[in-house]
Amino acid sequence: MSPQFDFPMFVAQDLAAARGERTLFSSVSFALAPGELLEVTGANGSGKTTLLRVLCGLMQPMAGAVHWRGEDIRALREDYHRDLAYVGHLNGVKGELTPLENVAFARAMAAQGDDAASAPLALSTLGLTTQQQRLPSKVLSQGQKRRVALARALFGRAKLWIFDEPFAALDAGAIALVAERISAHVRGGGVAVLSSHQDVPFDGVQRRQLRLGAPASASAARP
Amino acid sequence: MISGFFQLIKRELLLAVRRRGDVLSLLVFFVIVVSLFPFGVGPELETLREIASGVVWVAALLATMLSLSRLFANDYADGALEQLVLLPMPLTLMVLAKIVAHWLLTGLPLALVAPLLGLQYGLTGVPLLVMSLAIAAGSPALSAIGAIGAALTLGLRGGGVLLSLLVLPLFVPILIFGAGAVDAAVHGAAFGAHLLLLSACSIAALVLAPLASAAALRIAIE
């Protein structure tokens, strides 16, 4: 755990974004310290995915900036990517590759030490049998593909987890498993930002909420 | 970072092995287009020898065009491109790895097949070798310039046609030097300068194109 536990690691300042002519959100600000989890909620179309993409640096905000460890992510770029695990709305799982190859590739690229055993371990922890791990990913069900996408992120060493609807298409058992993994990450001094429609319990975690689309409550207040 | 570069090339090659049809159909297209000309032009060897260099090069450009639209499109459609953009390596390096893999899967096979097609046009000996060398030296530029077009047209409807309109005019210098090299060899003239110019184009394109392509990708994924 970090000695400066309350130093904000991940800060968003006055973010604004638009889709076409319509402003999705404006003046969204928050500051997350290590060991905090931010839940982004809001109706469909309120800009949750856009906000998460802005936080990753995949999209440029119309206004405002995102800071990681006190530096603008636009200046950090790949240094920021080293600390970041993102699971998007799309799984990004290659159908031609097996789950094992998908996870192993992500592991190798993240340069977090290629412990070859950890890819099978990550997948079997998330409930894919050894046989399923060796099938082409395109024959897997939607929920199983989601598990492969999550396996890449949940067992890496990234400090910051940004997950867009991580529980979509997962069954109850997998949801509990993923929630437990996220809780453990946050309790261990990590930072997580999630968007979700489900009310999933996270054990022993400082949980903050950010509601998009509701007037005058755009900035997160500490509970 | 360098190991990541090779990991990425390995991934592209693995994906291509799983989708062998893509590379094969490209080669079959190249062979068929080149083989059609003798039927139209007639079987006179003198004429065929004259047009061989141009025909083979134009067919190689078209075959490369066909494969370019897939360069980023598959990864874009399934979300893998977002993950690639967020890799802890500079985006230009990621694009360069894609370009190198694309060349290994198009330019290199085309260069290997081209001498066989040259035989159909009555070429023998040195011109066949020069044809192969010229395609091998010039096609990296095609992959690199093509990557700019592929990134610019990513996610657009009818992107394929637009891609051709954007990229084919930029292929003209490569076509001139490439066909020139083979022509010179056919007529027994010195062809070294053409090959050097082709290599120079490729090196310049490999240095500059990833920058432009990376900038276009950033816009495309927004």
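Hydrogens, waters and symmetry mates are skipped; everything else that's a heavy atom, side chains included, is used. As the structure is a computational prediction, the values presented were derived from the model and not from experiment. Residue numbers start from 1 in every chain, and the chains themselves are labelled A, B, ... in the order their sequence lines are given, proteins ahead of strands.
Top candidate by heavy-atom pairs under 4.5 Å with chain B, chosen from E96(A), M59(A), R152(A), is E96(A). When each of L87(B), L14(B), I219(B) is checked for heavy-atom pairs under 4.5 Å with chain A, L87(B) comes out on top. Heavy-atom pairs under 4.5 Å with chain A peak, among L8(B), L91(B), L15(B), at L15(B).
For V93(A), the part sitting under 4.5 Å from any heavy atom of chain B is the backbone (N, CA, C, O) and nothing else. For Q83(B), the part sitting under 4.5 Å from any heavy atom of chain A is the side chain, from C-beta outward, and nothing else. Of the two parts of Y86(A), the backbone and the side chain both hold a non-hydrogen atom closer than 4.5 Å to a non-hydrogen atom of chain B. Contacts between L97(A) and chain B at a heavy-atom distance below 4.5 Å involve backbone atoms as well as side-chain atoms. In this structure, chain B has heavy atoms under 4.5 Å from both the backbone and the side chain of Q60(A).
The existence of a salt bridge linking E12(B) and K98(B) is confirmed by a sub-4.0 Å separation between a basic side-chain nitrogen and an acidic carboxylate oxygen. Between D79(A) and R69(A), no side-chain nitrogen of the basic residue sits less than 4.0 Å from a carboxylate oxygen of the acidic one, so the salt-bridge criterion is not met.
The closest donor-acceptor contact from the side chain of S139(B) to the backbone of L142(B) lies at 3.5 Å or more, if one exists at all.
The aromatic rings of F202(A) and F167(A) sit tilted relative to each other, their planes meeting at an angle between 30° and 60°.
Tested against T49(A), the residues L24(A), D164(A), V40(A) include a single side-chain contact (heavy atoms from CB on, under 4.5 Å) partner, D164(A). Of the options S143(B), P109(B), S202(B), a side-chain contact (heavy atoms from CB on, under 4.5 Å) to W103(B) is made by S143(B) and by none of the others.
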